[in-house]
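Read through the structure below, which is laid out as structure tokens, and then see the notes.
When reading the values below, keep in mind they use all heavy atoms of this one structure, side chains included, and skip hydrogens, waters and symmetry mates.
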Amino acid sequence: METLNQLMYWRGIASDYFNYKGERVEISLNNRKALVRAMGIDPDDLAAVASAAYTLDVEPWTRWIQTFQVVEQHKECCFFVSVAPSELNQEFSYSIELENGTDIKGVFTPSAQPEVGDYLFEGIRYSRRVIMCGALPLGYHRLTLLSAGHSLTGQLAVVPEQGFVPADIHKGKRVWGFIVQLYTLRTDRNWGIGDLTDLKYLLLKAADFGADIVGLNPLHVLRTPNEYHCSPYSPSDRRFIEPLYIDPEVIDEFAGLSVPSAQLVQLRADKSVNYAAVYDVKFAVFKSLYRQFKRLHLQVNTQRAERFLQYVEREGHALQDYCSYQVLTNSGTADLWTPNLALSTEQQDEADFYAYLQWQAQVQMASCQELAQELHLTIGLMRDLAVGADGGGSEVTTNQRLFCREAAVGAPPDPLAEKGQNWGLPPMDPAHLRQTDFEHFINLLRTNMANCGALRIDHAMSLMRLWWCPPGHTADYGAYVYYPFTELLGLLKLESVRSGCMIIGEDMGVVPDEFREAIISGSVFTNKLFYFEREHDGDFKLPEHYMPRALAMLTNHDVPTLASWWAGSDIELRANLNLLDDSVPLDQVKQERTNDKYRLLRWLERCGIHMALEPDVQIQQPMTEDLMGEILACGAKVASQIFVIQLDDLELLDAPVNVPGTSTEYANWQRKLTVNLDTLFARESVIATLNKVANARP
């Protein structure tokens, strides 16, 4: 039993947690054993448990250095070595090969260095010593240790104390902008789904009104057929961009091709994105474009072909794996994917087609952020990194040892979900994450920090812990599994600095103090949502009381729009979908919303905004453009340095884009905006509101 407990400790499986009430909850042994099984170890096999525990607990002490160490950059950097008693007085030499090729060398005797830990195993006391090695630049360096004719090599990641923050933000500038689900955008030129050319138009309008940021939904590639897998938060692969966001008409090879105009008129008119129809139209054209590219460039080795081949080489095995997965998916054999899969000539050509699409998606994304920089937007694009990927998608299928497909990410019980929440996304195994030197995590950061000024980390608590739901049970049978937080946060800050991309950590919900303190001290901005920012008496928090280093918003994709919240239509919808807590009468829920509407009016009053109607009359009225404008303008006064508004609220939209807790019960991730962008931004009421918002952000 002691060995099993050691294994669960080193695998990060918590034995208890504090719930939303602040109560300590014990996790049963059976529940924890279920998670050990999900990690691929039989908890009742004593030999397997002992072997796994040794690998994680003892073996690191028997190696001089670990294969991957993360250390913070200081004037005097360091690394750690572990030695047996017989090695304490040996002379060691080390070499640190920096990324730029420079070598830093030194010698030491372990017994003369400070001890920072020890471990006793089978009568042998291993000692961990810290070796100071002078100033080192940020980056990933190669560390080699040599003594008594033996050598060992590992990687030394030198990370900054703080992540990247734009100079103006660092000086205290308060900026504002928009957040949008890209697929919802309507224009007279797109192909039935908002695309990256529409995004350019939105950036231009943002600049016109003095905005500095445009936040996006995750642009991760979706599983096909898309109509069944259209959630950007349950993608196929977070390392790549959904091809439907590509604008075919700006690709070089499009010249001379005809546009299927009749179909496009209908697709643009649809109230929701018709994923199946959009896919059919776009991919027919994409394939024509690729054939043109092969004929005009690949077959004659032009400079354009060379740029494509350089992209493929730069993306490496991750891109190859994704493209191979797509090929097998199309033939219905994705479950047969294996590492280093050999493709036939025909299959390789199809794989190259998917690589071509990813290349074009990256080119168009880069063009968007370049435009933002030309327009002098302080941040420009803010991308979004989902907490996980679909268990049957490319990312999980091509990294089967890293992901535990028998378990799922979720949340513990709370007032809105008595059995907890199961999001259906396989979690990464923290032990395997370490054993693979965090390669996948680093790649996720690099690909999602590309071509943007900020990255929002959805459910940023995943850097420290995730709620794992075991197979065959509801989520309340789960437990928290802890991750190597210090290393993950350090690597996040390093990649942030290297890419010039600031970080926003979505930290809503039950968050340990040490997590929030660590991300704030690391210059990771937090995320504040109006509905949840309350004083102790339940009143909405005044703008000046918001945390400065934060991204503040009135609404987002997971909560009702302001118009829906004001009308209470979100309550009716959730009641019809049987999503409300049965223990709370519907009338009581509606009364609490009425109370909140009074609180909102008091909030406006305390902000210096006086409505013409008395509160008792105002709350009976529907949401108006004037009231919406005052709410958005008041929200813009928050002390938080970044403030964003949804285009949905500017339109007074009632229907949600997503209802949490549903999948097939509601058409999530499909609803579009009701009018074209040029029409929206030409409205006098919208112009007046945006001018008020801009004036509130000095």
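In this structure, the side chains of Ile609 and Ile631 stay at 4.5 Å or more apart for every pair of heavy atoms.
Applying the salt bridge (charged side-chain N to carboxylate O under 4.0 Å, His left out) criterion to Asp507, with sequence neighbours excluded, gives Arg516. For Phe353, the ring pair (Phe, Tyr, Trp, His ring centres under 6.0 Å) partners at least two apart in sequence or on another chain are Tyr290. Considering only residues two or more places apart in sequence or on other chains, Phe240 meets the ring pair (Phe, Tyr, Trp, His ring centres under 6.0 Å) condition with Tyr322. Applying the salt bridge (charged side-chain N to carboxylate O under 4.0 Å, His left out) criterion to Asp208, with sequence neighbours excluded, gives Lys205. For Thr224, the side chain to side chain donor-acceptor pair (under 3.5 Å) criterion is met by no residue, not counting sequence neighbours. Taking Arg383 as the reference, nothing meets the salt bridge (charged side-chain N to carboxylate O under 4.0 Å, His left out) condition, with sequence neighbours excluded. Scanning for ring pair (Phe, Tyr, Trp, His ring centres under 6.0 Å) contacts around Trp176 gives Phe178, with sequence neighbours left out. Take Glu249 and apply the salt bridge (charged side-chain N to carboxylate O under 4.0 Å, His left out) test, not counting sequence neighbours, and it matches no residue. With sequence neighbours excluded, the residues forming a ring pair (Phe, Tyr, Trp, His ring centres under 6.0 Å) with Phe286 are Phe283, listed by chain and number.
Of the N and O atoms on the side chains of Tyr233 and Asn658, not one donor lies less than 3.5 Å from an acceptor on the other residue.
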Can you give the donor-acceptor pairs under 3.5 Å from side chains of residues 582-590 to other protein atoms, not counting sequence neighbours?
{"unit_1": "Ser583", "atom_1": "OG", "unit_2": "Asp581", "atom_2": "OD1", "d": "2.9"}
{"unit_1": "Ser583", "atom_1": "OG", "unit_2": "Asp581", "atom_2": "OD2", "d": "3.0"}
{"unit_1": "Lys590", "atom_1": "NZ", "unit_2": "Glu572", "atom_2": "OE2", "d": "2.6"}

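Note on residues 210-220: pairs passing salt bridge (Lys or Arg N to Asp or Glu O under 4.0 Å), not counting sequence neighbours, are Lys173-Asp212. Listed by first and then second residue, the side chain to side chain donor-acceptor pair (under 3.5 Å) pairs involving residues 618-629 are Glu625-Ser685 (not counting sequence neighbours).
Ion pair Asp195/Arg189 flagged as a salt bridge, since at least one NZ, NE, NH1 or NH2 atom sits closer than 4.0 Å to an Asp/Glu carboxylate oxygen. Arg238 and Asp390 are not joined by a salt bridge, as no carboxylate oxygen comes within less than 4.0 angstrom of a charged side-chain nitrogen. Between Arg223 and Asp237 there is no salt bridge, since none of the side-chain N atoms of the basic residue sits less than 4.0 Å from a carboxylate O of the acidic one. Salt bridge status for Arg456 with Asp458: present, with a side-chain N to carboxylate O gap under 4.0 Å.
Atom CD of Glu684 sits in a sparse spot, with 12 or fewer heavy atoms from other residues, nucleotides or ligands closer than 6.0 Å.
When every heavy atom of Ser234 is checked against every heavy atom of Leu425, the shortest pair comes out as OG-CD2, 3.4 Å.
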